[in-house]
Protein chains: 2
Amino acid sequence: MKLQRDDAGGDAVTKRATPHYKVIKRSISDAVKKGDLKPGDRIPSEAELVARFNVSRMTANRALRELQAAGVIVRHAGKGSFIAEPAPIGQLIEIRNIADEVRERGHAWRARVVRNDEERADAETAALLQVSLGTRLFHSVIVHHEDDLPIQLEERFVLASIAPEYGQRDFTRATPNEYLTRIAPIERVEHRVSATMPDEQTRTLLTLATDEPVLRMTRRTWSRGRLVSHAWLTHPGSRFELSAAFAIDDRC
Amino acid sequence: MKLQRDDAGGDAVTKRATPHYKVIKRSISDAVKKGDLKPGDRIPSEAELVARFNVSRMTANRALRELQAAGVIVRHAGKGSFIAEPAPIGQLIEIRNIADEVRERGHAWRARVVRNDEERADAETAALLQVSLGTRLFHSVIVHHEDDLPIQLEERFVLASIAPEYGQRDFTRATPNEYLTRIAPIERVEHRVSATMPDEQTRTLLTLATDEPVLRMTRRTWSRGRLVSHAWLTHPGSRFELSAAFAIDDRC
DNA sequence: GCCTGAAGATTGTATAGTCAACTGCGGTTG
DNA sequence: CAACCGCAGTTGACTATACAATCTTCAGGC
C-alpha cells in the first residue's frame, strides 16, 4: 500500500506534490509565525505526527530534526519538542567582498596598489599578528575604487610563510582576500567595526573632505591554527554602508 | 546481523561511540580543513560511503544532506556531491541587544527615557514607516548607559496599531527591542551601518567631544507583513565596536 | 555524422521496523 | 514516608528496501 505522492489532497494538482516532510515543517513554522504557537509551547511528538499526517516516523523525524537545526524548536529525549525562544542572540550583518559588491551594483571595480612589500615584523606589527620580532611579513596598501571613486582603503599584513607569493601577486585583478581564501582554507574570521576620524594619509588616499569620518573594519583571519592576516578596511562614512536583511523565512 | 554500536574500532572504548553519520561528516569536513579536498572536488557518492563505512544508505544520506545544509558541499541528482565554493558571500557580523551586551561585559545597563510620545505621522516619518500621513505612531528617544557612561542613543518610531501599549511602557527596565520582539513575532529585520558626524542634540545626549564621529545603525523590523518599527541606534565611535567572530567549525 | 533511446549512476523522498537512552509518573517495598 | 523499580512516552540512531527524478554515457539506427 504505497502512497503515490498525491495522497493529501487527492483531487486536482498533478503538477508536483511538495514532500511530506516539508508540509509538516511548514505547518509548524506557519503556526509560529501566526502566533498560534508561542515559545515554550509543546508541539506534537513524532508519533502524533505519524498519525496526523499519515507518514512514517522517519519522515516526521526529519521534519522535526530540520526544524531543530534551524533553531525553530528545541527537542529533548524523553520530554518532547517545544517552540524555541526567538533568536535570543541578535541579528547578523553580512560582510562582503568589496569587488563582488561593486560589480553587483553594476559598477566597475578598480584597485590601485600603493605598496606591497616584504618586511620584518617590528614591535607594533609583531603584536598585531601575534608573532615574534623579525618574522617575515608582507605589507600591502590598496585603494579600491567604484567607477574611479575611492571607497575602500585596505591596509593588510600577511604572514609570509603562509603566502610566499603574496608579494608577486597583481592585486589590480583579484583582491588579496580572494587570493588568501584560495590558497589557505580559512578556519576563523574576526571582524570589528568602529567609526573614527581618519589620519592625514587616509584622508588623502580616499580624497576625503576635512570633517568626514570613516567606517573602519578590522578583519583578522586564521588558517591552520594560526593568525595569518590582519587587515584594516577603511571606508568613507559618506560613501559606504554596511547593510543586511534577515528574514525568518530563511530558517524554514 | 545488527551492528552493536562498537563496530568501527572494536577494541577498547566502551564509553560512547560517536554516531556513524557524524563520523562521516567529520571525515569530510576535516579533509576540507586540511586542504585534501578543495572546492569543486568530487566526494564519494552515497553508495561508496555505504561500502567504505559499512553503514546503510540512509545514514550516508543523512551525513551528506547535513553537510549540504551547512554549505560545505553541493549535491546534484544524477551527477554527484562536490565541495562547495568557500562562503562565496562574505562573513557575518552579529548585532546584539544592547542591554544583554552590557550585562555580559559585567557592567550595569541603565536607560534614560528622554521622550516617549504618541504623535501623528508627518511627511518625514510617514516616509520612514511607509504609512500615510496622520497615522498614529509612537516616538521614543532613549539614552542607554554602561555604568553611567552613555553608549547608545536610540530614536525609534513604532506603529501604534501594532503596539498600543508602547507609550505606557517603562523602558528603564526592558528595552523597546525586548518589548517589541515579545509582542510581535519578527518576520524580517534590516540593518544599515554607517559612520557620520552627529548633530548638536546627539552630541549633547551622548556627551561627545566636538570632533568625535558616531557609528549609526538604522534598524527596520517587519511583523505580520508590515514595517512596524524604524530605529536609529547611534554609538560614540570611541566607545563602541561592532564585532563578531566566525568559525568554520560552526558548520560541522 | 547525428539523433535517439536504453542503461547505469546518483541523489531525493519515503516506508517499516529495531534498539537504545532519557524522562516523568505511579506503584511497590522497606 | 521515602527510596526504588518498572513502565510508558519520547527522542536518537540505524537498517533494509523501494521508487522517482535527474544526469551521463554509450550503443544503435538513420
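Convention: sequence-line order gives letters A, B, ...; per-chain numbering from 1.
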Per [X] side chain, nearest of listed nucleotides [options]:
| X | options | result |
| --- | --- | --- |
| P19(A) | dT11(C), dT13(C), dT10(D) | dT13(C) |
| E46(A) | dT11(D), dA14(C), dT23(C) | dT11(D) |
| R42(B) | dT15(D), dA14(C), dT10(C) | dT10(C) |
| Q68(A) | dG12(D), dT23(C), dA13(D) | dG12(D) |
| Y21(A) | dT15(D), dA14(C), dA21(D) | dA14(C) |
| S45(B) | dT15(D), dT10(C), dT15(C) | dT10(C) |
| R75(B) | dA14(C), dT23(C), dG12(C) | dG12(C) |

Task: Residue met sooner reading DNA chain D from 5', once R57(B) and R62(B) are mapped to nucleotides - done: R62(B)
Task: Comparing K79(A) and M58(A) on DNA chain D - which has the more 5′ nearest nucleotide - done: K79(A)
Whole-Å gap separating [atom2] ([N]) and [atom1] ([X]):
| X | N | atom1 | atom2 | value |
| --- | --- | --- | --- | --- |
| K22(B) | dG12(D) | NZ | P | 11 Å |
| H76(B) | dT13(C) | NE2 | P | 13 Å |
| F53(B) | dA13(D) | CZ | P | 17 Å |
| H20(A) | dT15(C) | NE2 | C1' | 11 Å |
| R65(B) | dA14(C) | CZ | P | 10 Å |
| L49(A) | dG12(D) | CG | P | 13 Å |
| L64(B) | dT13(C) | CG | P | 13 Å |

For the pair [X] (side chain) and [Y] (backbone), establish whether a donor and an acceptor sit closer than 3.5 Å, ignoring hydrogens and angles.
| X | Y | value |
| --- | --- | --- |
| D100(B) | N97(B) | no |
| D147(B) | A108(B) | yes |
| D30(A) | S27(A) | no |
| R42(A) | K79(A) | yes |

Open item on the list: Given R220(A), which partner from the list E190(A), H230(A), H191(A) fulfils the side-chain hydrogen bond (donor to acceptor under 3.5 Å, both in side chains) test?
Closed with: E190(A)
At a cut-off of 3.5 Å, list every protein nitrogen or oxygen paired with a nitrogen or oxygen from nucleotides 3-8 of chain D, distance to 0.1 Å.
none

TODO: Any chance you could lay out the side-chain hydrogen bond (donor to acceptor under 3.5 Å, both in side chains) test for T175(A) and N177(A), step after step, and finish with the verdict?
DONE: CA-CA 5 Å; T175(A) 64; N177(A) 184 39; 4.9 Å; no
- [ ] With R156(B) as the cation and W232(B) as the aromatic partner, state whether NZ or CZ is under 6.0 Å from the six-membered ring centre and within 45° of the axis.
- [x] no
